[in-house]
Number of protein chains: 2
Amino acid sequence: MTAPLHEARPAAPGRALPDTQQGMRRRNLARVMHTVSAEGPLSRAAVASRIGLTRAAVSTLVDELIRTGLLEELGPERPGRVGRPGSALAVSGRGPAGIGAEIGVDHLAVCAVDLRGEVRARAIRHGTNRGRSPEPVAGELTDLVRQVVAEAEQEGLWPAGLAVAVPGLVARDARTVVRAPNLDWHDTDLGALLPADLPLIVDNEANFGGLAELWLGEGTPRDFLHVSAEIGIGAAVVVDGQLLRGTRGFAGELGHVPVRPDGPECACGGRGCLEQYAGEEAVLRAAGLASAEDRVAVLADHAAEGDETVRRALREAGEALGIALTGAVNLLDPESVVLGGALAGVGPWLLPSLRAELARRTAGPACPVSVSRLGSEGPLLGAAHAVVRGVLDDPAAVAEGG
Amino acid sequence: MTAPLHEARPAAPGRALPDTQQGMRRRNLARVMHTVSAEGPLSRAAVASRIGLTRAAVSTLVDELIRTGLLEELGPERPGRVGRPGSALAVSGRGPAGIGAEIGVDHLAVCAVDLRGEVRARAIRHGTNRGRSPEPVAGELTDLVRQVVAEAEQEGLWPAGLAVAVPGLVARDARTVVRAPNLDWHDTDLGALLPADLPLIVDNEANFGGLAELWLGEGTPRDFLHVSAEIGIGAAVVVDGQLLRGTRGFAGELGHVPVRPDGPECACGGRGCLEQYAGEEAVLRAAGLASAEDRVAVLADHAAEGDETVRRALREAGEALGIALTGAVNLLDPESVVLGGALAGVGPWLLPSLRAELARRTAGPACPVSVSRLGSEGPLLGAAHAVVRGVLDDPAAVAEGG
DNA sequence: CTATTTCGTCATGGCCGTTTACAAATTAGT
DNA sequence: ACTAATTTGTAAACGGCCATGACGAAATAG
């Protein structure tokens with residue numbers, strides 16, 4: 001008995017559902033889907049050895065998944081090794097699709113992603129939503145969704161669900177926008193305003209951005225902080241491959257972490273919050289630029305041209321971010337920090353001071369900070385993929401044809 | 001198909017073990033143990049209805065657990081309702097025991113806790129360990145452990161494992177003390193210095209304190225921050241009933257969250273860390289008190305007597321804690337914050353300014369802050385209970401007689 | 001004293017992964 | 001070209017586990 005007791009967590013005490021044989025099968029179906037999805041075309045035998053079941057068991061699981069249209073048989077593998085070649089299995093490109101949507105301050109966007117992770121249809125509408133009431137915005141979004149769904153259906157896909165990214169706080173019911181300052185929305189039940197025939201997930205844009213980073217980003221860190229600054233500054237906290245949501249769903253409010261406790265007042269009631277130093281408005285003001293249309297691009301342009309005022313503004317924003325992130329890193333010990341959203345665009349001018357500040361305040365090696373390669377697409381892709389993950393996580397819940 | 005897709009996570013893709021029938025049985029054994037442990041004496045039928053299995057299935061599970069000595073049949077329940085009375089089941093008071101130990105700066109402590117959660121044996125040795133090398137300390141601890149184990153064995157218990165709380169950072173291997181400033185230990189493999197015949201868990205004192213709060217505290221929040229200040233200031237971050245450890249195991253370093261970015265230098269390399277304002281040394285200095293033996297008691301005494309200097313020192317420490325916790329609360333959105341360890345002793349003088357600071361900087365209702373009722377016992381109890389939870393989480397791994 | 005309710009158990013059955021065996025398809029060696 | 005070895009996928013028998021349904025036991029209600 002010198003077992004690694006500290007790892008002994010095979011049982012999940014919190015699990016609510018009874019552990020029955022059907023549940024076992026559902027979980028094994030999910031494991032087959034995840035394995036095939038993650039590691040490309042694979043034979044039944046390869047799947048079996050990876051998930052630890054026998055070939056026979058995997059065969060029956062695969063049969064069921066092919067019948068429901070979630071897996072496809074691609075035909076015999078190119079040999080190369082001795083023995084009978086396997087029959088390659090791949091996730092279906094004609095089954096369910098995840099519909100992702102984004103309500104931005106300046107645009108609406110919708111896309112459809114198939115189980116393979118490919119974007120199969122998309123639609124965008126530009127134009128500000130600032131101050132518009134939820135109903136017309138949701139109406140327009142619904143139109144875009146229908147358009148994208150129709151397009152996807154022409155390619156043999158059917159919508160498995162809709163996920164909407166919003167620039168604000170979302171309650172844990174994943175329907176209600178509690179506060180979206182830049183839209184001026186409060187306690188808005190998006191569930192009542194969007195198509196009722198699709199399962200709906202609403203979440204913070206930063207959260208979906210973080211999930212996109214988790215699922216599509218470089219490397220495979222499972223513990224990281226994804227910082228996303230559009231107008232407010234939000235963060236997604238990913239712990240062990242799971243999004244940390246908090247009791248009310250408000251986790252990740254990095255923008256209101258105190259940086260200088262006696263600094264300027266903030267709308268939140270506090271003083272010297274990060275947003276007062278690294279928020280878009282603050283940076284534009286410090287850079288001496290008016291609030292323009294494509295604000296971040298303007299910043300990046302001026303910085304690239306060598307405008308010293310702009311560069312200083314960005315440098316100081318980086319310092320403030322570094323201070324706030326020092327606190328976060330001390331608290332969470334993440335593997336890395338990733339900058340996404342608008343921040344990514346001005347990364348080159350932000351990173352040096354940010355990294356310096358973080359390193360200066362850290363005893364050992366500082367937590368690595370990088371820029372997301374997903375750019376501004378993150379939240380939209382994350383939303384669509386959230387639906388896809390839902391299917392992979394419980395393929396048995398999906399009936400052919402929706 | 002209007003399923004709550006955002007809740008669809010029945011499959012844990014990260015699960016490493018194949019999902020086989022034996023695993024199912026193991027999990028169900030664990031659920032029976034947890035249910036009986038949490039809800040007192042219960043009949044087989046009551047357990048069945050709670051965990052969603054049939055009475056027949058529960059019967060066989062219970063038989064097995066009684067055979068291995070983890071459950072006991074107490075005899076027929078007092079009736080009161082119609083129908084045949086059930087036979088009360090309880091967690092055994094003579095089976096495995098968790099051995100918890102604490103290496104404090106000024107003492108060593110060991111206790112044995114049975115599956116029922118009761119302390120059945122304990123031993124303490126006072127005297128400072130500051131600056132002593134690990135070997136003699138571990139030797140003394142081993143003696144105490146053997147003493148407590150012997151005592152427990154006389155009561156029909158056998159040790160299922162040993163968990164040791166240390167005042168420092170512990171690597172994720174749960175054996176190595178990476179840094180314990182107040183002991184002056186570095187990269188010490190406690191696994192090599194402690195009894196090898198017992199499964200070992202080593203963890204930070206703050207973490208075990210947080211687990212104690214989770215398992216034994218008032219109410220049942222599953223998302224909270226447990227702040228523990230002995231000499232350094234540590235925190236346990238509990239998310240969904242699980243301890244957040246971080247990539248390297250260093251999560252919860254609240255003491256080095258920047259409070260005033262231009263404040264006094266800290267040993268960590270940073271400036272204005274929380275520890276510079278609310279750490280024991282800083283508070284004693286601000287209070288005009290020399291570093292005495294039972295330092296916190298002295299503080300509390302002076303404060304109770306109305307010493308204004310001491311009170312101001314504590315008030316200011318509370319403010320600094322409030323600032324650091326504002327950041328943490330914004331990031332994590334916990335259900336509550338609990339002060340444990342030495343902090344609990346001076347809570348009355350700390351809390352007002354702490355709460356005020358937190359409320360002032362929070363938009364909505366502020367996160368509630370309370371004082372742990374476990375006092376200084378937290379880490380020791382948490383350690384012992386960690387072993388007990390290990391048994392509850394996988395009863396099948398436990399063989400009678402250890 | 002009988003009807004009713006609830007508890008624990010037993011026999012049966014169905015679901016599910018394993019084991020074992022085998023045919024099919026390829027490479028390696030002669 | 002032919003055989004041996006290897007690997008894949010499937011089929012049948014097996015065993016473990018929970019569900020179902022029936023039954024005796026032990027209490028209450030009338």
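It should be emphasised that the depicted structure is a prediction, and the values quoted were computed from it without experimental measurement. All chains are named by letter (A, B, ...) in the order of the sequence lines, taking the proteins before the strands, and each is independently numbered beginning at 1.
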Is [X] touching bases, backbone alone, or none of the nucleic acid, heavy atoms closer than 4.0 Å?
X	answer
B/Ala45	sugar-phosphate
A/Arg44	sugar-phosphate
B/Ser43	sugar-phosphate

**Prompt:** Any donor-acceptor pair under 3.5 Å linking the side chain of A/Arg67 with the backbone of A/Val62?
**Reply:**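 No; judged by distance alone, with no hydrogens or angles, the pair does not exist.
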So, is [X] close to the [N] phosphate, meaning a side-chain N or O under 4.0 Å from OP1 or OP2?
X	N	result
B/Asn28	D/dC17	no
B/Thr20	C/dG17	no
A/Thr54	C/dT18	yes

[atom1] of [X] versus [atom2] of [N]: gap in Å, rounded?
X	N	atom1	atom2	result
B/Arg27	D/dC17	CZ	C1'	12 Å
B/Leu71	C/dG8	CG	C1'	16 Å
A/Leu29	C/dG17	CG	P	8 Å
A/Gln22	D/dT20	CD	P	9 Å
A/Glu64	D/dT10	CD	P	15 Å
A/Arg78	D/dT7	CZ	C1'	17 Å

Out of [options], which nucleotide sits closest to the side chain of [X]?
X	options	answer
A/Arg84	D/dA11, C/dG8, C/dA23	C/dA23
A/Met24	C/dC16, D/dC18, D/dG9	C/dC16
B/Arg25	D/dG9, D/dA26, D/dC17	D/dC17
A/Arg55	D/dT10, D/dC17, C/dA25	D/dT10
A/Gln21	D/dG16, C/dG8, D/dT10	D/dG16
A/Leu53	C/dG17, C/dT26, C/dG8	C/dG17

**Item:** Interatomic spacing from OG1 in A/Thr20 to CG in B/Asn28 - rounded to 0.5 Å
**Value:**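 CG of B/Asn28 is found 8.5 Å from OG1 of A/Thr20.
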**Prompt:** Is the closest side-chain heavy-atom distance between A/Leu198 and A/Leu200 below 4.5 Å?
**Reply:** no
**Message:** Is there a side-chain contact between A/Arg44 and A/Leu89 in this structure, where contact means two heavy atoms from C-beta onward sitting under 4.5 Å apart?
**Reply:**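 Yes. Closest side-chain heavy atoms under 4.5 Å.
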**Message:** Is it true that, when you exclude A/Arg81 itself, more than 12 heavy atoms of the residues, nucleotides or ligands shown sit nearer than 6.0 Å to its CZ?
**Reply:** no
**Request:** Between A/Val82 and B/Arg81, just flag the one whose closest nucleotide in DNA chain D comes earlier from the 5' side.
**Result:**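 Of the two residues, A/Val82 wins.
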**Fill in**
Note: for A/Gly83 and A/Ala57 on DNA chain C, the residue whose nearest nucleotide lies more 5' is A/Ala57
**Prompt:** Mapping A/Glu77 and A/Leu61 to their closest nucleotides on DNA chain C, which lands nearer the 5' end?
**Reply:**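 Here A/Leu61 is the residue nearer the 5' end.
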**Prompt:** Is any NZ, NE, NH1 or NH2 atom of the basic residue among B/Asp19 and B/Arg27 found under 4.0 Å from an Asp or Glu carboxylate oxygen of the other?
**Reply:**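 Judged by the 4.0 Å cut-off on N to carboxylate O distance, B/Asp19 and B/Arg27 do form a salt bridge.
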